[in-house]
Protein chains: 2
Amino acid sequence: MKSHGGTIKDISEFLSSKGIKPSYQRVKILERMYKMKDHPTVNDIYKDLIDEIPSLSKTTVYNTLNIFIENAIVKSFSMDGNEARYDILSNIHGHFFCLECNKIYDFEINEPQIYDNLLEGAEIFESEISVRGICKACKNKKS
Amino acid sequence: MKSHGGTIKDISEFLSSKGIKPSYQRVKILERMYKMKDHPTVNDIYKDLIDEIPSLSKTTVYNTLNIFIENAIVKSFSMDGNEARYDILSNIHGHFFCLECNKIYDFEINEPQIYDNLLEGAEIFESEISVRGICKACKNKKS
DNA sequence: TTCTCTGCAAACGCTTTGCACGGAT
DNA sequence: ATCCGTGCAAAGCGTTTGCAGAGAA
């Protein structure tokens, strides 16, 4: 996020600027997403916040994430057709899923214009590039 | 598919060569996938075959597709986190989903080595590139 | 008060599992 | 007789919906 520093106050103002009322739950969920730059599932977020917000329900996590998606703050994707994962909208990058350690790595795409030739005339709203395999670290460990 | 012509006999032999018993259901499901090169859901396949195979159950469609996936004949992907879609494994291509007409178009990726710089040292098993937007035809219609 | 957010419980839709029947070898 | 594919019914699981109570303005 370029427009704020990541404090509670910053995030609250950021949400307000988007027309989203900065409730405690919403701020905490977004704060968590900025802090840990993983690609959490709803359950990940729920587990990370339930100690701090004992009354939290998964419904609220779902609702909040859907609001964030509608307002182009986060995007959702799926690595395996299973649960959805959520990612802060930022520069174009792909997701690499390591089948060995189950981690998801971001990788940069240095040619954002890769689609230009392929889909000329079309209007592109969003894209998702995901790759599955074995990451460098795991590969070295095995050999 | 390079190795056969698409007749029932061809498909049966193809399945046998993979160690998969070419039952009527399996052959018909695979035949349908080669004939219509769309990106069907389980339900699409079921509806297309239920007249010809009145006893067909969705469970069998699921089972069969999973066998095909295990044997690297088809792959599954998801356009919207909803139902899974299935695609015959072929050359690398991306999927473009038009939000206007809801069609899915394939597009070629003329740089299969696009990942080389990005993920060097990693071993890539499979990848999926999906793009959402408005296709050329729909865009022209609107303007 | 009024409006919106929250969160429980239930519904929903896709997919998998358990299991028994039936066909093939 | 044995093995395996099929398909019904039920379970499973992630997600959404209905709704009532709580909280903010």
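Note that the structure is predicted; figures quoted are calculated from it, not measured. Only this structure's heavy atoms are used, side chains among them; waters, hydrogens and symmetry mates stay out. To find a chain, count down the sequence lines: A is the first, B the second, and so on, and within it residues start at 1.
Atom CD1 of A:Ile20 is separated from atom C1' of D:dA24 by 17 Å (rounded to the nearest Å). To the nearest angstrom, P of C:dA24 lies 14 Å from CZ of B:Arg26. Between B:Tyr46 atom OH and C:dG13 atom P there is a gap of 17 Å when expressed in whole angstrom units. Rounded to whole angstrom, the span from the CG atom of A:Asn82 across to the C1' atom of C:dT16 amounts to 11 Å. Atoms NZ (B:Lys58) and P (C:dC14) sit 7 Å apart, rounded to a whole Å. Regarding B:Asn63, its CG atom lies at a distance of 9 Å from the P atom of C:dT16, rounded to whole Å. Remark: P of D:dT15 and CZ of A:Arg85 are 10 Å apart, rounded to the nearest angstrom. Rounded to whole Å, the distance from CD1 on A:Ile67 to C1' on D:dT15 is 15 Å.
Dashed line: the shortest gap from a side-chain N or O of A:Ser23 to OP1 or OP2 of C:dT6 is under 4.0 Å. Between D:dG7 and B:Thr60, a contact under 4.0 Å exists linking OP1 or OP2 to a side-chain N or O. For the OP1/OP2 pair of D:dT16 and a distance below 4.0 Å, the side-chain nitrogens and oxygens of A:Tyr62 include no atom meeting the criterion. For A:Thr59 and C:dT6, the shortest distance from a side-chain N or O to OP1 or OP2 is not below 4.0 Å. Put simply, B:Ser55 has a side-chain N or O that comes within less than 4.0 Å of OP1 or OP2 on D:dG7.
With 3.5 Å as the limit, one finds no donor-acceptor pair spanning the side chains of A:Thr60 and A:Asn63. A:His93 and A:Asp87 share a side-chain donor-acceptor pair at under 3.5 Å.
Distance from the side chain of B:Ser57 is smallest for D:dG7 among the nucleotides D:dG7, D:dT15, D:dT6. Closest contact between the side chain of A:Glu83 and the listed nucleotides D:dG7, D:dG14, D:dG5 involves D:dG14.
Within the nucleic acid shown, B:Asn66 comes within 4.0 Å of sugar-phosphate atoms alone, with no base atom in reach, counting heavy atoms only. Residue-level contact check: B:Thr41 touches neither bases nor backbone, having no heavy atom under 4.0 Å from any strand.
A parallel orientation is assigned to the rings of A:Phe77 and A:His95, their planes being inclined by less than 30° (bins at 30° and 60°).
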Exercise. Please report the C-alpha distance between B:Tyr105 and B:Cys101 in whole Å, then the side-chain angles of each, then the deciding distance to 0.1 Å, and finally whether the side chain to side chain contact (heavy atoms under 4.5 Å, CB included) criterion is met.
Key: CA-CA 11 Å; B:Tyr105 300 90; B:Cys101 62; 3.9 Å; yes
Quiz prompt | Intermediate values then yes/no, side chain to side chain contact (heavy atoms under 4.5 Å, CB included), B:Leu89 and B:Phe68 | solution = CA-CA 10 Å; B:Leu89 261 186; B:Phe68 290 168; over 6 Å; no
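Annotation: of the two residues near DNA chain D, B:Leu56 and B:Lys21, the 5′-most nearest-nucleotide partner is B:Lys21.
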